[in-house]
**Student:** 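After the structure tokens below, expect a handful of questions from me.
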Amino acid sequence: MDDTVALVDCNSFYASCERVFAPDLEGRPVVVLSNNDGCVVSRSDEAKALGIEIGVPIFKCGRLLLNSGGRIFSSNYSLYGDMSQRVMETLSAFTPSMEVYSIDEAFLFLSGFSRTALTDYGRKIRKTVRQWTGIPVSVGIGPTKTLAKIANRIAKKDPRLGGSFNVRGHPRIDAILESVDVGDVWGVGPRYARLLRKNGIFTARALRDAPDRWVRKNMTITGLRTATELRGTPCIPIEEAPPPKKGVVSSRSFGSPVESLDAVLEALSNYAATAARKLRAQCSAASVIGVFLATDRFRPGPQYANFITAKLPVPTSFTPDLVRHARALLRVIYRPGYSYRKTGVLLDGIIPEGNAQLNLFESAPDERQAELMRTVDRINDRLGGDTVHLGAEGIRRAWGMKRLKLSPCYTTRWNELPVVRC
DNA sequence: TCTGGGGTCCTAGGACCC
DNA sequence: TCTGGGGTCCTAGGACCC
């Protein structure tokens, strides 16, 4: 059977999104920061060339960037989410079957192409996405997901390849795998990389050729799958429709430290509402709720962290109920006198909506509540995430994220549309 | 000056049952 | 002086991903 997988991966995705709407940044270093403008999470090639590493705090490299004519952006997830959708829609025209793997990656199932035709098809995909969305992508092709990942890395690194590389049936596959560090293989993290090197396995090729029994024993069944995929036998299927999430977390660090119970409650209510919305988006209800609260372990001063969970009387996705339970749990673990950095909500025990086992002492789910949530979600989808919310989530939000370098929401807010002057 | 947020899968071991 | 053995379910923790 002729399994062929293409991994399409957006180059420097967040930085590329910013550049689409600020073409004067073409050819200049651009970085995008994590929440609260902490550290670098995306870099253009020019920023990489300056030696700016991923994850580095911005205060360490901000001056260098600006002196080199670069730009710094706070992360703007409404923009990236919307651009991602456009890219994925474009890709879906190229295959009957694909898996959206992350905000900036998709696996495309391809078949019925000859070897050379595949590479050209990859280039065509790349050109079309660039034309239709402005986002540059790289295409890696192989008989398995793991090999497509490797092909993609090579396509990205070697500009002579025109952004598309195919390892399926490649005559020099041994040399290719020999050139890939074992730590760069998909599924091999830092821990396994260290273990492998200690045992004399330094390259993707050596992992491919390692004995099954040893791999299975030291890296579990997942490691064995990786090794098998390196040999060209698919073990990790393409999942077109992602299964519903088994847990939903919503948490965020505060823009600045927070001490008062009221402020923490406000933030937590906001996160609980976000989590509830995620739950409804996948038509689920939660039967367990957890809340955590922590000070900043990187800062000197008294430290405190705690986590508490409770079973809900009836599985629900009704925002007011979840917010109420979250607030009650927070009151249990909150201690005055600390500077808090972070709080969050975790929803677990997730079941399909309408499947709830009714509690003998609770009334049946209220259809009016469900209708209310549907209406609120519709309004917020259309007019922006926070148009309708509970008073408990706060208005002024002193705890909110620090985002000093935010670009406009070019694609999701009418009043922030880009303007073209002729 | 400051260090993100949100997931998945697998395994070992304890609790519990017969 | 003796106190089995085997199965299932759940949870915590470790590894990974972007």
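Proteins come first, then strands; the chains are lettered A, B, ... in the order of their sequence lines, and each starts at number 1.
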**Student:** Name every donor-acceptor pair, under 3.5 Å, that has one atom in a side chain of residues 245-259 of chain A and the other anywhere in the protein, sequence neighbours excluded.
**Tutor:**
from, atom 1, to, atom 2, distance (Å)
A:Ser250, OG, A:Tyr271, O, 3.2
A:Glu259, OE2, A:Ser339, OG, 3.2

**Student:** Checking A:Thr119 side chain against A:Phe165 main chain: does a donor-acceptor pair fall under 3.5 Å?
**Tutor:**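 No, because the side chain of A:Thr119 does not come within donor-acceptor range (under 3.5 Å) of the backbone of A:Phe165.
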**Student:** Does one side chain, of A:Arg28 or A:Ser44, offer a donor that lies under 3.5 Å from an acceptor on the other?
**Tutor:**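 Looking only at side-chain atoms, A:Ser44 and A:Arg28 do not form any donor-acceptor pair under 3.5 Å.
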**Student:** May I ask you to check whether A:Phe107 and A:Trp186 place their ring centers less than 6.0 Å from one another?
**Tutor:**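 Here the rings of A:Trp186 and A:Phe107 have centres that are less than 6.0 Å from each other.
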**Student:** Could you list the donor-acceptor pairs under 3.5 angstrom formed by side chains in residues 137-148 of chain A, with sequence neighbours left out?
**Tutor:**
from, atom 1, to, atom 2, distance (Å)
A:Ser138, OG, A:Asn11, OD1, 2.8
A:Thr144, OG1, A:Leu147, N, 3.1
A:Thr144, OG1, A:Glu229, O, 3.0
A:Lys145, NZ, A:Glu99, OE1, 2.7
A:Lys145, NZ, A:Pro237, O, 2.8
A:Thr146, OG1, A:Glu229, OE1, 2.6

**Student:** Do we see a donor-acceptor contact under 3.5 Å between the side chains of A:Thr220 and A:Thr222?
**Tutor:**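 Yes - a donor-acceptor pair under 3.5 Å links their side chains.
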**Student:** I'd like the C1' distance from B:dC17 over to C:dG4, given in whole Å.
**Tutor:**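 Here C:dG4 and B:dC17 have their C1' atoms 14 Å from each other.
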**Student:** Do we see a donor-acceptor contact under 3.5 Å between the side chains of A:Thr4 and A:Arg168?
**Tutor:**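 Present: a donor and an acceptor within the cut-off.
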**Student:** For residues 5-12 of chain A, which residues have at least one heavy atom under 4.0 Å from DNA chain B?
**Tutor:**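 Those residues whose heavy atoms fall under 4.0 Å from DNA chain B, taken from residues 5-12 of chain A, amount to none.
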**Student:** Check for a donor-acceptor pair, side chain of A:Arg397 on one end and backbone N or O of A:Gly394 on the other, with a separation under 3.5 Å.
**Tutor:**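 Present.
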**Student:** Regarding A:Ser407 and A:Glu18, do their side chains bring together a donor and an acceptor under 3.5 Å, going by distance alone?
**Tutor:**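 Side-chain D/A pair, A:Ser407 to A:Glu18: present.
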**Student:** Can you give the dot-bracket line for DNA chain C, using ( ) for pairs inside the strand, [ ] for pairs that cross earlier ones, | for pairs with another strand and . for unpaired bases, where Watson-Crick and G-U count if both distances are under 3.5 Å?
**Tutor:** ....||||||||||||||
**Student:** Quick check against the 3.5 Å criterion: does A:Thr203 have a side-chain atom that pairs as donor or acceptor with the backbone of A:Ala206?
**Tutor:**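 Pair found, side chain donor or acceptor close to backbone of A:Ala206.
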**Student:** Generate the contact string for nucleotides 2-15 of chain B. Rules: B means base contact, S means sugar-phosphate contact only, - means no protein heavy atom under 4.0 Å.
**Tutor:** BBSSSSSSSS----
**Student:** Does the gap between the ring centers of A:Tyr77 and A:Tyr14 come in under 6.0 Å?
**Tutor:**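 Between A:Tyr77 and A:Tyr14, the centre distance is under 6.0 Å.
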**Student:** In residues 179-190 of chain A, what residues come within less than 4.0 Å of DNA chain C, judged by heavy atoms?
**Tutor:**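 DNA chain C contact set from residues 179-190 of chain A: A:Val185, A:Trp186, A:Gly187, A:Val188, A:Gly189, A:Pro190.
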**Student:** Any luck finding a side-chain donor-acceptor pair between A:Ser260 and A:Asp262 under 3.5 Å?
**Tutor:**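 Judged by distance alone, the side chains do not pair up.
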